[in-house]
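Each remark here refers to the structure printed beneath this line.
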Amino acid sequence: MTFSTPFPPSLIPTPIFKPATTAASPSSYSPLLPQIRPSSSVLRCSSISDMDATAGQGLYPLHRCKTIHLVRHAQGIHNVEGEKDHSAYLSQELFDAHLTPLGWQQVDNLHKHVQACGLSKKVELVVVSPLLRTMQTAAGVFGGESYKDGIDVTPLMVANVGNSERPAISSLNRPPFLALELCREHLGVHPCDKRRSIHEYRPLFPAIDFSLIESDDDVLWTADVREKNEDVASRGMKFMNWLCTRKEKEIAVVSHSGFLFHALSAFGNDCHPLVKSEICKHFANCELRSMVIVDRGMIGSDSSTTNYPGKIPHGLDLPSDVANDKEELKLLNPYMTQSMETIKRAIRSPPPLGSVSSNQDPIKDKKMPTIKICKCQMVPMVPMVSMVSMVFRNCFA
């Protein structure tokens, strides 16, 4: 990620991630990280010393930032069988894989963690991949306690989903849950990554919102073509941009190892290698990492709730450096006015190449060095240099 070049005009600026303070223990699995570099421009600040750019810091407006809590689903039956024999991923018996008993223990432990650290009270939205194992994980981690009959609230998950022998989970005092196809696992070939029809899921997860899923059947999964890694990464970029458009400031995302790895590998190239690793390495089952996503391209339209305009009531508040510039402008104004008029005349009606303006008296009288404009016009150099310098100071102060 390069910070010295502007946004390419044909590209959409992509978000940048910075690690937040809340994260579960990292996975020990750290394969080589692909270097997908989103094009963007950003203001960075570093110390006056010759610090390496990768060790610098980023400074962003708070209202352009969101905190996202990324979770990989707990252990599924496909994880167990696939680790024993990779060809098992092709088995139809693993279609839309559900969680194992061990996976449910992982869910319970992460649920306790998000309760203990206060995260459960901060999350405003839970976005979940519409597969059985991710929705089980999302309901178990971010849902309420066991559902009790007589409470007039829709359950997040009914009892015994996926032969889990688990009680129903309540949606009482829980954030909205939203299913989204963009954060699904690699599409194609592996039956464990194929979803059921939405009409089958609705009675199992009554409180999950499936309204953003356009097709009832799984039209994205194909039996003979596996989605390419770069296509997963591209889909991940679309997902990150979609997150920037949401009004919520704290969002939990429950997804898959492959999707999270390829989506996040585009980020962190401007960071220390250890920070890059914190962002991009593979997730363990039921691992949680909290990140800050920064909308540097103004994809969203959030306004600040904490900024204050000042100058209430109105009063004089001109800074001293601006006052000095205004005083210089007063002194240079006669020369600047004449110079600008000369430039305008040269642009409107340039004289023949090689000729010189007849209006030379002010220059001759003041004996000031001159510069050529448009290869023909001569104007005082000092006012021009001062004027350009002052314009730059005022624009970038």
Side-chain angles (χ1 to χ4, degrees), residues 22-31 69-117 119-120 123 126-147 155-171 174 177 179 183-186 190-196 200-201 204-205 208 252-261 281-290:
T22 304
S25 59
S27 167
S28 59
Y29 181 41
S30 300
H69 307 283
L70 305 175
V71 178
R72 180 193 174 192
H73 63 78
Q75 185 192 68
I77 58 172
H78 66 303
N79 297 132
V80 176
E81 298 305 320
E83 190 160 335
K84 294 176 183 177
D85 179 8
H86 187 269
S87 64
Y89 285 116
L90 301 175
S91 172
Q92 289 294 333
E93 294 180 1
L94 299 179
F95 166 65
D96 194 16
H98 58 77
L99 298 186
T100 65
L102 178 65
W104 277 109
Q105 293 179 34
Q106 295 170 342
V107 167
D108 291 338
N109 287 331
L110 183 53
H111 177 81
K112 293 175 184 176
H113 170 74
V114 299
Q115 294 287 330
C117 71
L119 187 57
S120 61
V123 170
V126 178
V127 180
V128 59
S129 165
L131 273 77
L132 187 57
R133 60 188 180 272
T134 42
M135 291 189 288
Q136 286 178 312
T137 302
V141 171
F142 296 103
E145 303 303 324
S146 297
Y147 182 80
L156 264 176
M157 186 183 81
V158 300
N160 199 35
V161 169
N163 299 317
S164 63
E165 298 183 358
R166 302 282 294 196
I169 297 175
S170 173
S171 64
R174 297 294 91 191
F177 282 62
C183 59
R184 283 180 60 176
E185 182 58 294
H186 267 92
H190 296 173
C192 60
D193 300 326
K194 179 177 172 62
R195 69 166 172 82
R196 303 170 194 268
E200 296 179 68
Y201 285 140
L204 302 179
F205 301 94
I208 293 182
V253 177
V254 183
S255 186
H256 308 264
S257 174
F259 173 79
L260 291 171
F261 176 72
K281 64 184 177 182
H282 274 281
F283 278 64
N285 281 132
C286 224
E287 181 182 352
L288 162 69
R289 290 183 213 160
S290 297

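Model, not experiment: these values are computed from the prediction.
The line from CZ of F142 to CZ of R174 is 10.0 Å long, rounded to the nearest 0.5 Å. Considering CE of M135 and CG of L99, their distance stands at 11.0 Å, rounded to 0.5 Å. For the atom pair CD (Q75) and OG1 (T100), the distance works out to 3.5 Å, reported to the nearest 0.5 Å. Here the straight-line distance linking atom CD of E165 with atom CH2 of W104 works out to 12.0 Å at 0.5 Å rounding. For the atom pair CD of E185 and NE2 of H78, the computed distance is 7.5 Å after rounding to the nearest 0.5 Å.
Proximity of V107 to C286: side-chain heavy atoms (C-beta onward) are separated by under 4.5 Å at one or more points. Between V127 and C183, some side-chain heavy-atom pair lies under the 4.5 Å cut-off. Using a 4.5 Å heavy-atom cutoff, the side chains of L132 and R196 are in contact. Proximity of V141 to V114: side-chain heavy atoms (C-beta onward) are separated by under 4.5 Å at one or more points. A 4.5 Å side-chain heavy-atom check between H69 and L288 finds at least one atom pair inside the cut-off. Annotation: side chain of I77 is in contact with side chain of L94 (closest heavy-atom distance under 4.5 Å). In this structure the side chain of V158 never reaches within 4.5 angstrom of the side chain of F205, judged on heavy atoms.
Under the rule for a ring-ring contact (aromatic ring centres under 6.0 Å, His included), the partners of F259 that lie at least two apart in sequence or sit in another chain are F239. In this structure D85 satisfies the side-chain hydrogen bond (donor to acceptor under 3.5 Å, both in side chains) test together with S87, sequence neighbours excluded. H111 meets the side-chain hydrogen bond (donor to acceptor under 3.5 Å, both in side chains) test with no other residue; sequence neighbours excluded. Scanning for side-chain hydrogen bond (donor to acceptor under 3.5 Å, both in side chains) contacts around R72 gives an empty result, with sequence neighbours left out. The side chain to side chain contact (heavy atoms under 4.5 Å, CB included) test applied to E93 returns S91, not counting sequence neighbours. Scored by the side chain to side chain contact (heavy atoms under 4.5 Å, CB included) test, A139 finds L156, M157, I169 as partners (sequence neighbours excluded). For H190, the side chain to side chain contact (heavy atoms under 4.5 Å, CB included) partners are Y89, L90, C192, D193, R226, not counting sequence neighbours. Q105 is linked by a side chain to side chain contact (heavy atoms under 4.5 Å, CB included) to L102, counting only residues two or more places apart in sequence or in another chain. A search for side-chain hydrogen bond (donor to acceptor under 3.5 Å, both in side chains) contacts involving H98 returns nothing, not counting sequence neighbours. Listed by chain and residue number, D108 satisfy the salt bridge (Lys or Arg N to Asp or Glu O under 4.0 Å) test with R166 (two or more places apart in sequence, or in another chain). Partners of H256 by ring-ring contact (aromatic ring centres under 6.0 Å, His included), not counting sequence neighbours, listed by chain and number: H73.
Minimum interatomic distance between Y201 and D96 (heavy atoms only, all atoms of both residues): OH-OD2, 2.6 Å. In this structure, K281 and F261 approach most closely via the heavy-atom pair C-CD1, 4.2 Å. P130 and A179 get closest at one heavy-atom pair: CB-CB, 4.1 Å. F95 approaches K194 most closely through the heavy-atom pair CE1-O, 3.5 Å. In terms of heavy atoms, S255 sits closest to T134 at O-CG2, 3.5 Å. Residues V254 and A138 approach most closely at CG2-CB, 3.7 Å, considering heavy atoms.
Between the side chains of S170 and E145, not a single donor N or O lies within less than 3.5 Å of an accepting N or O.
No side-chain donor-acceptor contact under 3.5 Å links Q115 to the backbone of S120. The backbone N or O of Q106 lies less than 3.5 Å from no partner atom in the side chain of N109, so there is not a single donor-acceptor pair. Put simply, the side chain of Q136 gets close to the backbone of V161: a donor and an acceptor are under 3.5 Å apart.
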